[in-house]
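Small disclaimer: the values here were computed from a predicted structure and weren't measured. Just so you know, ligand 1 is whichever comes first in the structure, and atom 1 is the first atom listed for that ligand. Worth knowing before you read on, the calculation uses all heavy atoms, side chains too, and leaves out hydrogens, waters and symmetry mates.
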Amino acid sequence: MTIFKTLGQFIIEKQADFPYAKGELSRLLRDIGIAAKVVNREVNKAGLVDILGDAGQVNVQGEGQKKLDVYADEQFIKALQNGGECCVVASEEHEFPIDIDSEISKNAKYIVCIDPLDGSSNIDVNVSVGTIFSIYRRDSIGGRPTMGDILQKGSKQVAAGYVVYGSSTMLVYTTGKGVNGFTLDPSIGEFCLSHPSIKVPARGTIYSINEGNYRKFSSGVKKYIKYCEEEDAATNRPYTSRYIGSLVADIHRNLLLGGIFIYPATLTHPNGKLRLMYECNPIAFIIEQAGGKATDGRQRILDMEPTALHQRSACFMGSSEMVDKVEQFLRSEDDR
Ligand code: AHM
Ligand code: MG
């Protein structure tokens, strides 16, 4: 018989790493894992809804066909509301944070920032999408949590993770003690530990950037791309260009194989496109915990002071030596 470890078992075991843990974070992670399974079920049916969806059924339940990003948002929020460990959730789908002020959540001390379904433009064409989440402990005591509780630096995250709904579905997370990956076994409906202690190679041969924006890049970024394309046997160049357009999928591949993911500032997105609180920070935490590097070209992403919930940041993330290299180009062009 194969011995495997489920996400639930792993989370409980790891609770011992935190001597004063009372199990709240473990329960919160478990709640997120459950919602991820529900979302996975729906993502896997994308495209089938029109074929299988029975008009009567839709009417009886009072639920029209929802866009999957709205559906995912509802599932994660519901799981966090019902779980009782989260006092406020900030989602890409909502302009303002959602206060969870209920009887079961009255002692909740965790804040969750989430992108419930990232890369959703890829859904209709059967390409991988993901969920990204970030967890903080609230700072303030008494009363309802404040915006200051939410807008903490990435370095204050107590946990972060992503789910990639791909050719198989995986959940990857960190609580600041390394990174572990779990693959969903659909036959038993459990995430099973498949990628323990993930480490990103210090250098790789993959660069991931939307080169369609080339003309809008700074000269440092342009020069780095040219560097990636040059031939040089000693450094294994030219590198391979791989870009899915789903952050989680691009990051997951580069995390396992080594590589760099770049979404720089462009003429049309002067602060980059990706959102600091629920895209850049959680991914940066995971990348660093896997031994990689994540910066905005100038400073560590995890050290950035957030000023707004939906603020954007440029990002250069992945294998440490590759991030160092692109920063050299940015410095030499003085365009960071
Ligand atoms: P979304 O939150 O609207 O889905 O956008 C985020 C996505 C990321 O998953 C991906 O890395 C990026 O947008 C791709 O952007 P672009 O199409 O500009 O290359
Ligand atoms: Mg997104």
Side-chain angles (χ1 to χ4, degrees), residues 32 35-36 39 42-43 46 66-77 89-95 97 112-134 154 160-166 169-170 172 206-218 221-222 225 241-255 259-287 292 294-297 301 306 308-318 323:
I32 291 173
V39 171
E42 249 9 67
V43 168
K66 292 225 171 77
K67 282 183 68 193
L68 272 169
D69 40 8
V70 175
Y71 178 83
D73 182 61
E74 286 173 359
Q75 294 310 314
F76 281 103
I77 291 174
V89 49
S91 159
E92 177 176 341
E93 298 290 331
H94 299 267
E95 188 179 353
V112 175
C113 297
I114 191 161
D115 185 349
L117 204 67
D118 185 64
S120 46
S121 64
N122 276 326
I123 275 266
D124 291 340
V125 287
N126 215 343
V127 172
S128 300
V129 288
T131 295
I132 315 170
F133 62 91
S134 170
Y162 63 76
V163 184
V164 57
Y165 309 97
T169 292
M170 275 193 74
V172 174
I206 297 173
Y207 70 107
S208 307
I209 184 168
N210 185 343
E211 277 191 72
N213 294 328
Y214 186 84
R215 294 171 71 93
K216 300 180 194 166
F217 294 153
S218 67
V221 173
K222 284 179 178 164
I225 292 175
S241 167
R242 289 280 183 272
Y243 191 75
I244 296 168
S246 274
L247 176 64
V248 163
D250 279 311
I251 289 292
H252 185 67
R253 179 200 53 238
N254 292 5
L255 189 63
I260 185 167
F261 174 91
I262 301 176
Y263 209 112
T266 67
L267 288 176
T268 39
H269 287 100
N271 297 317
K273 176 186 177 190
L274 300 181
R275 317 289 185 127
L276 178 63
M277 296 303 293
Y278 40 79
E279 291 177 330
C280 303
N281 269 339
I283 298 293
F285 191 20
I286 290 168
I287 295 274
T295 76
D296 71 345
I301 287 188
L309 187 52
H310 299 288
Q311 94 186 54
R312 298 172 193 273
S313 169
C315 59
F316 299 80
M317 322 202 265
V323 176

Determine whether the side chains of Thr131 and Asp118 contain a donor N or O and an acceptor N or O closer than 3.5 Å.
-> no
Just distances here: any N/O of Leu247 and N/O of ligand 1 closer than 3.5 Å?
-> yes
Would you check if Phe261 and Tyr243 make a side-chain contact, meaning some heavy-atom pair closer than 4.5 Å?
-> yes
Look at atom 4 (O) of ligand 1 and say which protein heavy atom is nearest, naming residue and atom and giving the distance to 0.1 Å.
-> Gly119 N, 2.8 Å
Under 3.5 Å: N/O of Leu117 near N/O of ligand 1 | no
Hey, does Arg275 have a side-chain heavy atom less than 4.5 Å from the side chain of Gln311?
-> no
Any side-chain heavy-atom pair of Tyr263 and Ile209 under 4.5 Å = no
With a 4.5 Å heavy-atom cut-off, do Asn122 and Tyr165 have their side chains touching?
-> no
Check: Ser246 N/O within less than 3.5 Å of ligand 1 N/O = no
Does ligand 1 have a heavy atom under 4.0 Å from the side chain of Phe261, from its backbone, from both, or from neither?
-> side chain
Could you tell me if any non-hydrogen atom of Glu279 lies under 4.0 Å from any atom of ligand 1?
-> yes
The Mg ion (ligand 2): angle it makes with OE1 (Glu92) and OD2 (Asp115), nearest 10 degrees = 70°
Would you say Asn213 and ligand 1 have an N/O pair spaced under 3.5 Å apart?
-> no
of all protein heavy atoms, closest to atom 15 (O) of ligand 1 is Lys273 NZ, 3.0 Å
If we only count heavy atoms from C-beta on, is the Val129 to Val248 side-chain gap below 4.5 Å?
-> no
Closest protein heavy atom to atom 10 (C) of ligand 1, given as residue, atom name and distance to 0.1 Å | Gly245 O, 3.4 Å
Test item: Asp73 side-chain N/O and Pro116 main-chain N/O as donor-acceptor pair under 3.5 Å = no
Taking the side chain from His310 and the backbone from His94, do they hold a donor-acceptor pair closer than 3.5 Å?
-> yes
Protein residue, atom and distance nearest to atom 3 (O) of ligand 1, heavy-atom basis | Glu92 OE2, 4.0 Å
Would Asp296 and Ser313 count as having a side-chain donor-acceptor pair, cut-off 3.5 Å?
-> no
Give the residue, atom name and distance (to 0.1 Å) of the protein heavy atom nearest atom 14 (C) of ligand 1.
-> Tyr243 OH, 3.2 Å
Please report which non-hydrogen protein atom sits nearest to atom 9 (O) of ligand 1, along with the residue it belongs to and the distance in Å to one decimal place.
-> Asp118 OD2, 2.5 Å
Looking only at protein heavy atoms, what sits closest to atom 18 (O) of ligand 1 is Tyr263 OH, 2.6 Å
Do Leu255 and Tyr162 come within less than 4.5 Å of each other through their side chains, counting heavy atoms only?
-> yes
Sub-4.0 Å atoms of ligand 1 with respect to non-hydrogen atoms of Asp115 | 2 (O)
Asp118 OD1 and Glu279 OE2 subtending at the Mg ion (ligand 2) (10° steps) = 90°
